[in-house]
Amino acid sequence: MNAPLKLLSVVVPVYNEEETIAEAIKRLQDFQLSLASEISVELIFVSDGCQDNSLVLLRAFAEANPLIKIISFSRNFGHQIAITAGIDMAAGDYVAVIDADLQDPPELIADMYRMALTGFDVVYGKRRSRAGETVFKKATAAAFYRLLNYMCEIDIPSDTGDFRLMSRKVVDAFKPMRERHRFVRGMVPWLGFKSTPIEYDRAERFAGTTKYPLRKMLDFATNAILSFSSKPLAVAVRLGFVTIMAALAGGLYMLYLKLFTNTPVPGLTSILLTIVMLGGMQIMLIGVVGAYIARIFEEVKGRPLYVIDETINM
Ligand code: UDP
Ligand code: MG
């Protein structure tokens with residue numbers, strides 16, 4: 001008697017991917033078949049408020065294949081939330097996450113799975129190279145991961161995205177983490193568990209354009225730092241301390257000039273400069289505190305992370 005096959009869930013966030021979705025489904029279905037003797041594979045597509053034809057195309061495929069499942073949001077909630085919804089609803093003994101644009105090869109999930117079987121709870125893709133991305137994107141990504149690791153206590157591996165495979169143990173530990181501002185590729189390392197990278201070459205987008213324009217990328221980076229570190233606050237305190245020390249030294253020097261020399265104490269310009277500088281610094285530092293308060297406000301409201309319009313085959 002064979003034991004019943006285990007289940008692998010593959011979560012695919014989709015936002016306006018009508019140019020790539022058919023090809024992505026084709027590749028993922030091939031992958032599904034290629035693994036059929038080892039493990040059954042369910043494909044969970046999360047339509048993150050698509051405004052184009054993606055959902056129509058997905059629906060057609062789901063009609064023909066019950067292992068294609070769809071979660072459709074009521075509006076765009078963002079990539080990280082889409083991933084979360086897929087993980088929430090995945091039934092698999094293992095859960096993998098992959099983008100819909102085929103930058104990450106679906107076939108690699110099979111290697112991730114086999115690697116997990118040798119005793120790992122998390123297998124994450126590590127980019128050996130990234131084709132078709134601008135020098136600017138690569139340079140900013142590298143700088144960002146360096147800054148992030150300096151700021152955070154936990155180790156977030158560089159050159160990794162959300163392309164990874166997790167065991168049920170990890171998924172069950174991940175699910176209660178309900179923070180709104182999510183940085184999934186940092187939350188999984190935070191959980192711990194036995195993890196290993198698997199290297200691959202990141203391809204170009206199959207078609208379409210990035211859904212992460214510069215502004216969204218900056219938000220994403222700020223968010224990662226603010227959710228994983230309170231170091232900016234510590235920096236603010238240190239900066240305040242240094243300023244006080246500098247002012248004290250300046251004051252003592254002027255006192256010395258006044259009491260023991262005939263040099264007139266320099267006037268208006270220095271006072272103005274000091275006031276403006278201190279004013280600017282205060283505004284900036286209050287802004288840092290404000291950024292954290294805004295986050296507390298958003299978390300404290302305790303709204304659901306996402307709103308589902310419709311599920312298919314779930
Ligand atoms: N995505 C999403 N919601 C968004 C933006 C993107 O679900 O608001 C999806 C997108 O469809 C893709 C994945 O997230 O499957 C990664 O996006 P993209 O490839 O545009 O990012 P990049 O690889 O350029 O960083
Ligand atoms: Mg992409």
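Order of listing sets the numbers, starting from 1, for every ligand and every atom in it.
- For atom 2 (C) of ligand 1, the closest non-hydrogen atom of the protein is Tyr15 CB, 3.4 Å.
- Of all atoms in ligand 1, numbered sequentially from 1 with element shown, those under 4.0 Å from a heavy atom of Glu17 are 10 (C), 11 (O), 12 (C), 15 (O).
- Tyr15 does not carry Lys211 over the face of its six-membered ring by the limits of under 6.0 Å from the centre and within 45° of the normal.
- The OD2 atom of Asp101 and the OE1 atom of Gln103 meet at the Mg ion (ligand 2) at an angle of about 100°, given to 10°.
- Listed by number with element, the atoms of ligand 1 under 4.0 angstrom from any heavy atom of Tyr212 are 17 (O), 20 (O), 21 (O), 25 (O).
- Remark: minimum distance from atom 14 (O) of ligand 1 to any protein heavy atom is reached at His79 CD2, 3.1 Å.
- Below 3.5 Å of separation, one finds no N or O of Ala82 facing any N or O of ligand 1.
- For atom 22 (P) of ligand 1, the choice among Ile81, Thr210, Asn76, Asp104 with the nearest heavy atom turns out to be Thr210.
- Side-chain contact, Gln51 with Asn76: no donor N or O sits under 3.5 Å from an acceptor N or O.
- The neighbour count for Lys175 NZ, taken as heavy atoms of other residues, nucleotides or ligands under 6.0 Å away, is above 12.
- For ligand 1, the atoms closer than 4.0 angstrom to any heavy atom of Lys216 are 4 (C), 5 (C), 8 (O).
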Passes side chain to side chain contact (heavy atoms under 4.5 Å, CB included), Phe77 versus Val307? Steps please.
CA-CA 9 Å; Phe77 281 88; Val307 179; 3.9 Å; yes
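- Between Thr209 and ligand 1, no pair of N/O atoms sits closer than 3.5 Å.
- Atom CZ of Arg146 has 12 or fewer neighbouring heavy atoms from other residues, nucleotides or ligands inside a 6.0 Å radius.
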